[in-house]
Engineer: 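Starting off with a structure, shown below.
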Amino acid sequence: MSVIEQLHVGRPTSRVDGRLKVTGKAQYAAEYSTNGMLYGYIVSSTIAAGHISSMDLTAARRMPGVVEIFTHENRGKAAWLDRKWRDDVAPPGHPFRPLHSDRILFDGQPVALVVAETFEAARDAASLIAIAYEADPHCTELARKRNEAYVPPEKRSGIPPPPDPRGAAEQAYADAPVKISRDYRINPEHHNPMEMFGSTCVYEQGGKLTIYDKTQGSQNAQGYVTSVFGLSGDDVRVVNHYVGGAFGSGLRPQHQLFFAVMASLELERSVRVTMTRKQMFHIGYRPDNYQTVSLAADRDGRLQSIMHDAVAATSHYEDYQEAVVNWSGLMYHCDNVKLTYQLAKLNTATPCDMRAPGAAIGVTAMECALDELAYELGIDPLEMRRINFAQKDENTNKEFTSKALMECYRAGAAAFGWERRAQQPRAMRDGRQLVGWGVSTGIWDAFLQKAQASATLKQDGTLEVATAASDIGTGTWTILTQIGADAFGLPLEDVQARIGDSSLPMSPVEGGSWTAASNGSAVQAACDALKQSLFKLATKMANSPLADASFDDVALEGRRIFRKDDPARGLAISEIMHAAGLSELTEQGKVSPSLIQMMNYISYTHSAVFAEVQVDEDLGVVRVTRVVCAAAAGRILNPKTARSQILGGVVMGIGMALHEEGMTDHRLGKIMNANFAEYHIPAHADVEDIEVIFVDEQDDKVSPIGVKGLGEIGIVGTAAAVANAIFHATGKRVRDFPITIDKILTAPPLS
Amino acid sequence: MNRYDYVRPDTVADAITALANPDARALAGGTNLVDLMKYDVARPALVVDINRLPLKSIEVSGDKLRVGALVSNSDLAWHPDVQARWPLLASAILAGASPQLRNAATTGGNLLQRTRCYYFYDPSTACNKRAPGSGCSAIGGVNRIHAILGASSACIAVHPSDMCVALAVLGATVEVEGPQGQREIPFAEFHRLPGDMPERDNTLQQGELITAVAIPAPQFGSHFTYLKLRDRLSYAFALVSVAAALQIENGTIKDARIALGGVAHKPWRDVEAEQSLRGQAPEPRVFEAVAQLILRDAKGQGENDFKIELATRAIARALAQAAAGMPQNQSDKVIQ
Ligand SMILES: Cc1cc2nc3c(=O)[nH]c(=O)nc-3n(C[C@H](O)[C@H](O)[C@H](O)COP(=O)(O)OP(=O)(O)OC[C@H]3O[C@@H](n4cnc5c(N)ncnc54)[C@H](O)[C@@H]3O)c2cc1C
Ligand code: SF4
């Protein structure tokens, strides 16, 4: 059963939730209210290590409106065992338990919750709590802990450790005629989504909870709450209809969720807890890291040796891990590869996945190093990448399900005008502005995760598709609506997507760029099953005009099923439902990765990023005047929301290149610029032309609907392309990101 | 943020009466004060909302511009007379903050905004400006945005305003009114260096209200610029900024004024250095020399050492822009 015309998938489609968002009707977690709701305000520690010796709550308790103050001395009941606190994406270690004891492990650690009748009273009272600490020595400086770095003993689920070395990398490096070895650092970054973390826990009669939470996974949050508080799944529902960005910070339950639920259960009242912007700098972040990349090639530019070593920060209580160096072993063909990845413990919160975790920093270092090697060789940096093109994933020895990267290089270079580039640095200028062009490859996993969905036809022939996915700004609402609409030949208005609710069919957290592929395929599967059921009902009807038709003989359009060869012979969906005595008809669909296929194949999304910068020759001011990002991401469901994902990723990549940096006073162990005035992300003026190209890429293996996902690829490679362009413009290599004016000013000039 | 009482007087006299309370703070646009209250840096017992006071007019009489203390930064920058005759002022304002902030921020509030020193905003750290006698955490700390000129061992903070850098060049006068009546403060004497009293940003007396800023008409035609260098191209405070104005006659400099932002506890002017330009040719060699002269006593604090070189180059470039009559365009970010 096909549809006459697929009107939606593959076409640029505006967000179905756009109007609700811009008119303020889309409700976010901290915007739900109920009668008699209480407000919680979190008090944060002001030292980085030690313990609380005393807390004076007298003045705070006297504040009119204060209902309760929770500290480690009177916190509510919660699970004892570590594993009860582990959420779906937790790294190995002991998950942070708010108010668990008097111990302080990082600055900004939550140490108390004030609950009051108004937000203002809670906040005011919080400022009156006097805490005395007994400080222990702390360390927030990765440089000082590098020598204590270790290979994480327990691996984080879902994160491949570096592959075993292949060939003889050191020897090949020693023997090769051309080589470079360089140190890179990308300073810590903070996710800073626009929407603050907030949870509104509605306490219903009998102790049932409906929790509106800012999260990337309603079911992950629900699982956490039931496990930590020993509640039954039936008593806890988590809703996250709309999420104002997250970039990974909402993958794990954040502590406002714990606090809202704990206070709600203890006080048997509804409670809302929100974080301040400053407090959002003390949850997970992109870890500080030092990387060394050593590359060697023959005189024709063929890579002979790749060595990439990384040391990244983690907390004292968990071993956060991401794939930083692995990419260097699979992006290019090379027989001699050695990759290492170690952690060092700092007095900070546990780092957390941030857009393209691992790749965003690892690929940046690798792609800058490759650029340096290309210059050593005198080879055009784009040509260098083509010369070393990898035909298969040499880390795992698996075939790619598809890899249209060559086409990204071609299309991106053509759009950018790369052939007009002068190879020498400082060869291009516009008045006092030095002009530079840089290129980088980008890569990210294309995952398919287990997911389920339901599809329901209503009596009037309209459709509802449901899955517990999230939309963190990515466009999930819209693509699921499009998929449903095309399955039944309906206009978008006739399809209602339902997501963002833990009571819906099973979904993983929204992360890893897997939602479109996984939940999209599950919705497709549910729709396919629903069409089968509908067809069966139609043929079974008395005097059915479709009685002798096979499934492939019929088509759907205008809420009708009819014979393709004789469209007059058909039935309205409402007629079929009516005849069957049904008010609605539901079917389930599910997907999971094929294990057999995974033994032989692996999938990645690729991109080629080209950047143009202008750098003022005296003042070091950088402008990124153009970026072209050509991506190969399988089938593009919605070019409009897809482009928007790439734009966001590229802008974040510009931020990594030039702006973003959490600045810590290591004497105090404190992040000093924990606000939007001083933690810089690109402003509009920093973003000029960005062109997004999607190259054609057919992939029948990556996911049932041929989709690879686009949430993260836009950031990967962008920072390197910008840094390489800055070198091309100025002849200066800055290997410490972000590349701020001071670093350009003081970098040694081209020798 | 604490509980506070709130009054909204209609007259300057009533406002001054209310502000006699040493724990009272005037609220204008609130873009700085409210932030400070949220961070528990300011904990006023009484907030005196001055937005109803009749201090919102922009008057041009002859060669003088008189700006009421409550005129918003946007209204001032886009006022036709200001655009035509005081373009340096308009340019400096538009180099600052964002449109939303400029719509709310006022002239008086801009002069009185506090430093952006990270430690000043964090009550858990030592800071002499916030808690006199507690020490200065910025010394030896995160200080890439801090002062290279005029700092003291008690405080190395900078005044963050862009508008004030232009006002320093323009020779403005601050009109204030307080319990002792009215007085006028020449702009150069309005802000102060930290010395051993960094808690005092300026010479306003307790209980005094800014009522207006008066600005004479500039004499430098199109030979001016406001050049601001920062960590992103918009919406960031200056690492270094330069307001420069030249009077050029017959190919030589008759008079020059140069003020720096982002380098000291007040907009930094060096009259001696300015005078050294008199009679000189407006050319790069001369500009570089005067830049060196202005920075002769500059001292870095570690992370901000680069500002010395950056300021030197920025002065030279700003003077070149001024000499060429090509002021920096604040919307096109290309630096000519
Ligand atoms: C994110 C951010 C970025 C910014 N970027 C820049 C920038 O790039 N460049 C720049 O120059 N500025 C910048 N600003 C600062 C902004 O210009 C100031 O906050 C603003 O000018 C203050 O004016 P206001 O009217 O809001 O003052 P308020 O916050 O209302 O008051 C500030 C202080 O002045 C006192 N006060 C106000 N008016 C009077 C009066 N008439 N008499 C006596 N006392 C008074 C108040 O009591 C208070 O102590 C930025 C601010 C923010 C928040
Ligand atoms: S520089 Fe001034 S404002 Fe900053 S910490 Fe030191 S005393 Fe406080």
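Chain letters run A, B, ... following the sequence lines, proteins first and then strands; every chain starts at 1. If you're wondering where the values come from, they're calculated on a predicted model, not measured in any experiment.
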Engineer: Among B:L229, B:I145, B:D231, B:N304, who wins on heavy-atom pairs under 4.5 Å with chain A?
Structural biologist: B:D231
Engineer: What's the spacing between A:T740 OG1 and B:R232 CZ if we round to 0.5 Å?
Structural biologist: 13.5 Å
Engineer: Show the nearest heavy-atom pair for residues A:A685 and B:S234, with the distance to one decimal.
Structural biologist: CB-CB, 3.6 Å
Engineer: Counting heavy-atom pairs under 4.5 Å with chain B, which one of A:H659, A:M63, A:Q614, A:R623 comes out on top?
Structural biologist: A:R623
Engineer: Checking side-chain polar atoms at under 3.5 Å, does B:Y118 have a donor or acceptor matched by the opposite partner on A:D665?
Structural biologist: no
Engineer: What residue, out of B:Y235, B:F237, B:Y39, B:Y119, has the most heavy-atom pairs lying under 4.5 Å from chain A?
Structural biologist: B:Y119
Engineer: Go through B:R116 and A:E678 one step at a time and tell me if the side chain to side chain contact (heavy atoms under 4.5 Å, CB included) criterion holds.
Structural biologist: CA-CA 9 Å; B:R116 306 307 294 200; A:E678 303 298 341; 3.5 Å; yes
Engineer: Between atom CD1 of B:I308 and atom CG of A:L745, what is the distance when rounded to the nearest 0.5 Å?
Structural biologist: 11.5 Å
Engineer: Heavy-atom cut-off 4.5 Å, strictly under: side chain, backbone, both or neither for A:I47 against chain B?
Structural biologist: neither
Engineer: What part of A:K278 gets within 4.5 angstrom of chain B, counting heavy atoms only: side chain, backbone, both, or neither?
Structural biologist: side chain
Engineer: Determine, for B:K307 against A:D742, whether the closest basic-nitrogen to carboxylate-oxygen distance falls under 4.0 angstrom.
Structural biologist: no
Engineer: Salt bridge check, B:K333 against A:D686: does any charged N sit closer than 4.0 Å to a carboxylate O?
Structural biologist: no
Engineer: Set out, in order, the CA-CA distance, both residues' side-chain angles and the distance that settles side chain to side chain contact (heavy atoms under 4.5 Å, CB included) for A:Q433 and B:V334, then state yes or no.
Structural biologist: CA-CA 8 Å; A:Q433 308 299 313; B:V334 185; 4.2 Å; yes
Engineer: Contact between B:I335 and A:R432 at the side-chain level, heavy atoms closer than 4.5 Å - yes or no?
Structural biologist: no
Engineer: Among A:D616, A:L619, A:T46, A:T625, which has the most heavy-atom pairs under 4.5 Å with chain B?
Structural biologist: A:L619
Engineer: Are A:T276 and B:K38 linked by a side-chain donor-acceptor pair shorter than 3.5 Å?
Structural biologist: no
Engineer: Report which part of B:R317 has an atom under 4.5 Å of a heavy atom belonging to chain A: side chain, backbone, both, or neither.
Structural biologist: side chain
Engineer: With a 4.5 angstrom heavy-atom cut-off, which part of A:F119 approaches chain B: side chain, backbone, both or neither?
Structural biologist: neither
Engineer: Can you tell me how far CG of B:D122 sits from CG of A:N675, rounded to the nearest 0.5 angstrom?
Structural biologist: 10.5 Å
Engineer: Between A:R123 and chain B, with a heavy-atom cut-off of 4.5 Å, which part of the residue counts as in contact: side chain, backbone, both or neither?
Structural biologist: both
Engineer: Begin from the C-alpha positions of A:D124 and B:R3 and carry the test salt bridge (Lys or Arg N to Asp or Glu O under 4.0 Å) through to its verdict.
Structural biologist: CA-CA 7 Å; A:D124 192 358; B:R3 282 177 187 228; 3.8 Å; yes
Engineer: Does either side chain, that of A:S127 or that of B:R43, offer a donor lying less than 3.5 Å from an acceptor on the other one?
Structural biologist: yes
Engineer: Report which part of A:L668 has an atom under 4.5 Å of a heavy atom belonging to chain B: side chain, backbone, both, or neither.
Structural biologist: side chain
Engineer: Measure the SG-CE distance between B:C117 and A:M672 for me, rounded to the nearest 0.5 Å.
Structural biologist: 7.5 Å
Engineer: Determine, step by step, whether B:V142 and A:K670 satisfy the side chain to side chain contact (heavy atoms under 4.5 Å, CB included) criterion, reporting the C-alpha distance in whole Å, the side-chain angles of both residues, the deciding distance to 0.1 Å, and the verdict.
Structural biologist: CA-CA 10 Å; B:V142 180; A:K670 281 180 177 301; over 6 Å; no
Engineer: If I measure from the heavy atoms of chain A, does B:V240 come under 4.5 Å with its side chain, its backbone, both, or neither?
Structural biologist: neither
Engineer: Which atom pair, heavy atoms only, marks the closest approach of A:H680 to B:A236?
Structural biologist: NE2-CB, 3.9 Å
Engineer: Quick check on A:A121 against chain B: is it the side chain, the backbone, both or neither that has a heavy atom closer than 4.5 Å?
Structural biologist: both
Engineer: Against chain A, label B:Y121 side chain, backbone, both or neither, depending on which of its atoms sit under 4.5 Å from a heavy atom there.
Structural biologist: neither
Engineer: Could you check B:L233 against A:V622 for side chain to side chain contact (heavy atoms under 4.5 Å, CB included), going step by step and ending with a plain yes or no?
Structural biologist: CA-CA 9 Å; B:L233 295 171; A:V622 180; over 6 Å; no
Engineer: Need one label for B:S137: side chain, backbone, both or neither, based on atoms under 4.5 Å from any heavy atom in chain A.
Structural biologist: both
Engineer: Heavy-atom distances under 4.5 Å only: say whether B:D40 touches chain A with side chain, backbone, both or neither.
Structural biologist: side chain
Engineer: Using side-chain heavy atoms (C-beta onward) and a distance below 4.5 Å, is B:R144 in contact with A:M663?
Structural biologist: yes
Engineer: Among A:L658, A:I681, A:L128, which residue forms the greatest number of heavy-atom pairs with chain B at distances under 4.5 Å?
Structural biologist: A:I681
